[in-house]
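To start, the structure itself, in structure tokens.
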Amino acid sequence: MKNKTDNNDDWLLDAEVQTRVVEEKGRWVVSLVFIDTKDPSRILVNEIADYRSKRLAEIAALNMKQTAEKDPRGTQKVKKDDYDINNN
């Protein structure tokens, strides 16, 4: 039997949601980045889709972010300097 804390994703309920749009092989890839507000070093990057243009990817990213985040006003909960996402 697994320990309940081994697979604890409860932090995702209160996580801040950011989007990431990067170009890969001529396509624009949209990812959602979930950042733990209590421990900003804990992140989850989930690649969602890819698009033919940057503008389409940005529109999709905004829509996905608004759908995924708990706070529809989009208020920042984590300082940008608290986490680092390496695109490599």
Side-chain angles (χ1 to χ4, degrees):
M1 184 170 177
K2 278 189 173 182
N3 187 345
K4 201 171 189 180
T5 58
D6 287 348
N7 193 14
N8 189 354
D9 292 334
D10 291 342
W11 68 272
L12 289 169
L13 296 173
D14 293 324
E16 178 182 348
V17 180
Q18 294 290 320
T19 56
R20 182 174 72 163
V21 177
V22 293
E23 187 177 16
E24 291 181 8
K25 300 178 185 176
R27 302 285 290 178
W28 292 91
V29 178
V30 176
S31 300
L32 288 179
V33 180
F34 298 89
I35 306 163
D36 188 345
T37 56
K38 294 178 179 67
D39 179 10
S41 65
R42 184 183 348 184
I43 62 172
L44 173 67
V45 179
N46 194 2
E47 191 174 296
I48 303 297
D50 62 277
Y51 298 88
R52 68 175 187 257
S53 74
K54 184 177 182 180
R55 184 65 185 137
L56 287 173
E58 290 171 340
I59 291 168
L62 179 61
N63 185 38
M64 289 177 208
K65 179 181 179 192
Q66 289 174 342
T67 301
E69 67 188 359
K70 189 173 184 179
D71 185 359
R73 295 171 294 151
T75 54
Q76 288 286 101
K77 298 176 187 173
V78 178
K79 295 178 189 169
K80 294 282 186 201
D81 295 334
D82 287 345
Y83 62 92
D84 180 36
I85 299 173
N86 186 347
N87 289 330
N88 294 328

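Scanning for side-chain contact (heavy atoms from CB on, under 4.5 Å) contacts around Asn63 gives Thr67, with sequence neighbours left out.
Residue Ala57 comes nearest to Val21 through the heavy atom pair CB-CG1, 3.8 Å, listed as atom of the first residue, atom of the second, then distance. In terms of heavy-atom proximity, Arg42 sits nearest to Trp11 at NH1-CD1, 2.7 Å. For the residue pair Val30 and Met64, the shortest heavy atom distance occurs at CG1-SD, 3.9 Å.
Within the model, atoms CD of Glu16 and OG1 of Thr37 stand 8.5 Å from one another, a figure rounded to the nearest 0.5 Å. To the nearest 0.5 Å, atom CZ of residue Phe34 and atom CG of residue Leu13 are 10.5 Å apart.
Taking 4.5 Å as the limit, some side-chain heavy atom of Leu32 sits within range of a side-chain heavy atom of Thr19.
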Under 3.5 Å, side-chain donor or acceptor atoms of residues 43-55 against the rest of the protein: list the pairs with distances, not counting sequence neighbours.
residue : atom : partner : partner atom : Å
Asp50   : OD2  : Arg27   : NE           : 2.7
Asp50   : OD2  : Arg27   : NH2          : 3.1
Ser53   : OG   : Leu56   : N            : 3.2

